[in-house]
Amino acid sequence: MTAVVTRFAPSPTGYLHIGGARTALFNWLYARGRGGKFLLRIEDTDRARSTPEASAAILKGMDWLGLDFDGEVISQFDRADRHAEVANELLSKGAAYKCFSTQDEIETFREAARAAGTSTHFQSPWRGADPSSYPDAPYVVRLKSATTGETVIHDEVQGDVRIKNENLDDMVLLRSDGTPVYMLAVVVDDHDMGVTHVIRGDDHLNNAARQIGIYSAMGWDLPVYAHIPLIHGPDGKKLSKRHGALGVEEYQAMGYCSAGMRNYLARLGWSHGDDEFFSDAQAKEWFGTDGIGKSPARFDFKKLENICGQHNAVTDDAALLHEIQLYRQSAGLPALNDVQSQRLKAALYCLKERAKTFPELLDKAHFALIEGPVDVEDKAAKHLDTVSRGILRTLTPQLQNVSWTRDELEAVLNRFAEENGMKFGKLAGPLRAALAGRAATPSVFDMMLVLGRDVSLDRLNQAASKGDS
RNA sequence: GCUCCGUUCGUCUAUCGGUUAGGACGCCAGGUUUUCAACCUGGAAAGACGAGUUCGAUUCUCGUACGGAGUACCA
């Protein structure tokens with residue numbers, strides 16, 4: 001059994017969008033789960049539209065998603081000579097021919113065909129022409145496609161797809177300037193790179209039939225094909241920049257965790273029974289083309305959030321802190337200072353199970369991140385009226401010398417509430433307002449523990465004396 | 001126009017001829033609670049439509065509708 005080799009082959013004409021990211025993920029999972037190789041090839045043969053910035057964005061996106069590839073990034077453009085070599089081989093074999101028709105002629109033909117309602121496939125008059133009749137003019141190299149019979153694509157997802165060869169035209173292999181066209185380049189590169197499994201969007205399904213023509217003309221083995229359905233926007237429409245088709249780095253900037261993104265994306269269009277929440281290791285073990293669905297899926301932010309929340313909850317504190325720092329960077333937020341980082345890390349145990357995204361987590365961590373005087377929000381201010389401040393004034397000295405543990409703090413505060421004839425909830429409001437300046441916070445005990453005795457008492461004293469001066 | 005692909009709760013999906021059509025997200029109700037969450041319990045919610053094959057179709061076949069892709073000297 002030959003080793004599995006998959007590849008992700010984006011064209012660098014923009015950011016790495018969510019559909020591309022999922023395609024990359026599927027290829028990565030497929031290879032990594034089978035001890036195979038996962039390669040990255042940038043399809044930059046379209047010089048006019050390819051940009052280095054886009055290549056960088058793709059690399060960055062894959063890095064964030066943790067999709068590591070084997071070997072170097074391959075530039076398709078760099079391999080133009082090899083593509084031309086294959087085209088020439090096809091030419092000498094008689095499997096391709098030079099076509100001198102101009103674009104104007106082709107366009108005229110197509111317009112006439114459209115008007116007549118007949119096939120718009122261009123039938124080059126040069127297909128069977130005698131070389132002695134060749135003019136001294138630029139030409140493209142076209143594949144001499146079969147005109148009868150059918151091409152069958154054995155697709156792992158779509159099943160056997162049959163296309164009549166009469167519906168395939170003689171596609172261009174080499175442009176008139178001698179540069180290769182995508183259809184040729186993919187086939188040559190996939191073959192040369194030893195790609196065994198081509199997992200890509202089903203917008204390439206029809207193309208596969210054409211590409212198979214090149215494989216058979218060259219006598220090359222076909223890869224296993226798996227054409228996966230596209231992802232649609234939340235409204236069911238095709239993804240566009242306006243809705244949903246954000247670059248993956250924007251998802252990072254929105255604060256979704258990478259593991260959750262992988263989990264969610266894997267689950268979009270692929271399933272393994274009823275499993276919804278799983279680790280990378282499980283995904284690698286389970287992933288296969290048999291679990292891939294045939295219909296397009298819509299992107300659902302709510303479910304993404306939920307999955308990310310579950311991953312946050314099981315991520316260890318150090319790793320989580322690190323990812324949060326990367327998030328702040330990508331979102332353009334200032335880095336946390338040492339005190340904030342330390343407090344945040346100490347607070348993660350009581351935050352990570354209740355935050356779906358990093359902005360949400362950071363918001364709940366507000367009490368730990370503020371330094372200096374606590375700013376009291378309006379909603380919390382009512383918990384610091386004269387009566388409440390009086391309570392805090394009485395309470396604070398009693399906390400001065402207790403041992404700063406959860407058990408001890410609970411005991412002291414509960415006793416205090418009881419002695420003063422109030423329910424604990426009555427006491428919690430002022431404490432929350434004093435410690436965090438907000439009405440909604442984590443547990444007061446968690447906050448006191450995370451902040452420590454000095455900072456906690458300091459904030460309590462500040463709140464108690466508020467409005468006194 | 002032509003060719004190809006798809007269609008199960010609002011969404012992601014399970015089901016490989018026989019199920020009260022299952023799960024998850026979301027939603028609704030209740031519970032728990034120290035606020036907000038989280039969490040627990042319960043609930044509403046689906047086979048596009050029409051034929052055919054079959055003892056029996058969500059499942060197989062065909063048609064219709066709707067959606068998508070391809071049809072470039074783009075990728």
Side-chain angles (χ1 to χ4, degrees), chain A residues 9-13 43-46 48-50 76 99 101-103 106-107 110 113-114 116-122 138-142 153 155 157-159 161-164 166-169 171-177 179-183 185-186 201-210 227 229-230 232 234 236-238 264 267-277 291 293-307 309 313 351 353-356 360 363-364 379-380 383 413 423-429 431-433 436 438-445:
Chain A
S11 52
T13 52
E43 310 224 310
D44 50 359
T45 51
D46 184 346
R49 294 201 297 158
S50 299
Q76 188 159 66
C99 170
S101 298
T102 65
Q103 300 210 46
I106 296 170
E107 196 40 49
R110 275 203 261 265
R114 255 192 295 273
T118 55
S119 169
T120 55
H121 288 306
F122 179 62
Y139 60 87
V140 298
V141 174
R142 288 181 184 275
I153 305 162
D155 194 278
V157 174
Q158 310 289 345
V161 177
R162 296 163 188 282
I163 294 178
K164 291 197 178 61
E166 63 193 52
N167 292 318
L168 266 25
D169 61 354
M171 64 178 169
V172 170
L173 264 20
L174 246 38
R175 300 186 182 96
S176 50
D177 64 359
T179 59
V181 121
Y182 161 78
M183 289 289 183
V186 227
D202 74 3
D203 48 336
H204 289 282
L205 183 58
N206 286 283
N207 292 335
R210 293 177 219 296
H227 288 95
L230 272 17
H232 287 177
K237 297 252 175 60
K238 197 185 141 188
Y264 175 73
R267 201 52 200 68
L268 203 57
W270 170 79
S271 63
H272 182 262
D274 282 338
D275 294 305
E276 300 283 352
F277 170 67
K294 291 178 142 196
S295 49
R298 300 186 193 196
F299 197 88
D300 182 1
F301 280 93
K302 289 288 194 197
K303 186 141 186 181
L304 203 217
E305 280 179 14
N306 179 278
I307 295 289
L351 299 174
E353 286 181 15
R354 47 182 69 194
K356 296 178 168 100
E360 191 186 344
D363 182 60
K364 291 181 192 299
K379 273 177 286 185
H383 293 295
L413 291 183
K423 299 188 78 169
F424 179 70
K426 195 83 180 156
L427 181 57
L431 284 170
R432 246 190 288 281
R438 320 234 278 209
T441 73
S443 145
V444 295
F445 300 111

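FYI, side chains are in, hydrogens and waters are out, and symmetry mates aren't considered; it's all heavy atoms of this structure. The chains referred to below are lettered A, B, ... by the order of the sequence lines, with proteins before strands, and numbering in each begins at 1.
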- Query: Taking the side chain of A/D274 as heavy atoms from C-beta outward, which of B/A14, B/C12, B/C73 is closest to it?
  - Reply: B/A14

- Atom CG of A/N306 and atom P of B/G23: how far apart are they, to the nearest Å? 16 Å

- Item | Closest listed nucleotide, where the reference is the side chain of A/E276 and the choices are B/C12, B/G23, B/C2 | B/G23

- Task: Hunt down the Watson-Crick or G-U wobble partner of B/U3, both distances under 3.5 Å, from any strand shown, or write none.
- Result: B/A69

- Task: Check whether any side-chain N or O of A/K356 sits under 4.0 Å from OP1 or OP2 of B/A38, and answer yes or no.
- Result: yes

- Backbone N/O of A/L173 and side chain of A/R142: donor-acceptor pair under 3.5 Å: no

- Atom CD of A/Q158 and atom P of B/U3: how far apart are they, to the nearest Å? 18 Å

- Any-strand Watson-Crick or G-U partner of B/A38, both distances under 3.5 Å: none

- Does A/H204 lie flat on the base of B/A75, that is, centres under 5.5 Å apart and planes under 30° off? yes

- Query: How long is the line joining NZ of A/K302 and P of B/C28, in whole Å?
  - Reply: 10 Å

- Message: Between the base of B/C73 and the side chain of A/S176, is there a donor and acceptor pair under 3.5 angstrom?
- Response: yes

- From B/U35, B/G6, B/U71, nucleotide with atom closest to A/D169 side chain: B/U71

- Query: Roughly how far apart, to the nearest Å, are B/G47 and B/C12 at atom C1'?
  - Reply: 16 Å

- Among B/G26, B/U13, B/A72, the nucleotide that comes nearest once only the side chain of A/R267 is considered: B/U13

- Identify whether any heavy atom of A/G309 sits under 4.0 Å from a base atom; if not, whether one sits that close to sugar-phosphate; answer base, sugar-phosphate or nothing. nothing

- Message: I'd like to know whether the aromatic ring centres of A/F299 and A/Y264 sit less than 6.0 Å apart in this structure.
- Response: yes

- Taking the side chain of A/R175 as heavy atoms from C-beta outward, which of B/C74, B/C4, B/G10 is closest to it? B/C74

- Message: How many whole angstroms separate atom NZ of A/K364 from atom P of B/U35?
- Response: 14 Å

- Between P of B/U34 and CZ of A/F445, the distance in whole Å: 9 Å

- Task: State plainly whether the residues A/D275 and A/R267 are in salt-bridge range, i.e. N to O under 4.0 Å.
- Result: no

- Task: Go ahead and name the base partner of B/U8; Watson-Crick or wobble counts if both distances stay under 3.5 Å, otherwise write none.
- Result: none

- Query: Looking at the side chain of A/R142, which of B/C73, B/G1, B/G68 is the nearest nucleotide?
  - Reply: B/C73

- Message: If you go through the side-chain atoms of A/R438, does one of them form a donor-acceptor pair with the base of B/U35 closer than 3.5 Å?
- Response: no

- Establish, with yes or no, whether the OP1 or OP2 oxygen of B/A72 is under 4.0 angstrom from a side-chain nitrogen or oxygen of A/R110. yes

- Task: Using only side-chain N and O atoms of A/S271, determine if any of them is under 4.0 Å from OP1 or OP2 of B/A14.
- Result: yes

- Presence of A/K303 side-chain N/O under 4.0 Å of B/A24 phosphate oxygens OP1/OP2: no

- Item | salt bridge (charged side-chain N to carboxylate O under 4.0 Å, His left out) between A/E107 and A/R114, intermediate numbers included | CA-CA 10 Å; A/E107 196 40 49; A/R114 255 192 295 273; 3.5 Å; yes

- Message: Let's test your reading of the model: under 3.5 Å, does the base of B/A38 pair with the side chain of A/R354 as donor and acceptor?
- Response: no

- When rounded to whole Å, the CD to C1' distance for the pair A/E43 and B/A75 reads 7 Å

- Query: From the list B/A69, B/G26, B/U34, which nucleotide is the closest neighbour of the side chain of A/N206?
  - Reply: B/A69

- Query: Can you tell me the Watson-Crick or wobble partner of B/C27, both distances under 3.5 angstrom?
  - Reply: B/G43

- Under 3.5 Å, is there an N or O donor on one side and an acceptor on the other linking the side chain of A/N207 and the base of B/A75? yes

- Does A/Q158 use its side chain to pair, donor to acceptor, with the backbone of A/H227 at less than 3.5 Å? yes

- Item | RNA chain B: 5'-proximal contact among A/S295 and A/M183 (nearest heavy atom) | A/S295

- In whole Å, what is the span from the CD atom of A/E107 to the P atom of B/U71? 14 Å

- What nucleotide among B/A75, B/A14, B/C73 has an atom nearest to a side-chain atom of A/R49? B/A75

- Paired to B/C16 by Watson-Crick or G-U wobble criteria (both distances under 3.5 Å) is none

- Task: Answer yes or no: is there a donor N or O on one side and an acceptor on the other, between the side chain of A/S119 and the main chain of A/H121, under 3.5 Å?
- Result: yes

- Task: Under a 3.5 Å limit for both distances, which nucleotide forms a Watson-Crick or G-U wobble pair with B/U32, could you say?
- Result: none

- Integer-rounded Å distance: B/C12 C1' and A/R298 CZ: 11 Å

- Item | Which nucleotide in B/C12, B/G70, B/C73 has an atom nearest any side-chain atom of A/R210 | B/G70

- Out of B/U34, B/G6, B/C4, which nucleotide sits closest to the side chain of A/K294? B/G6

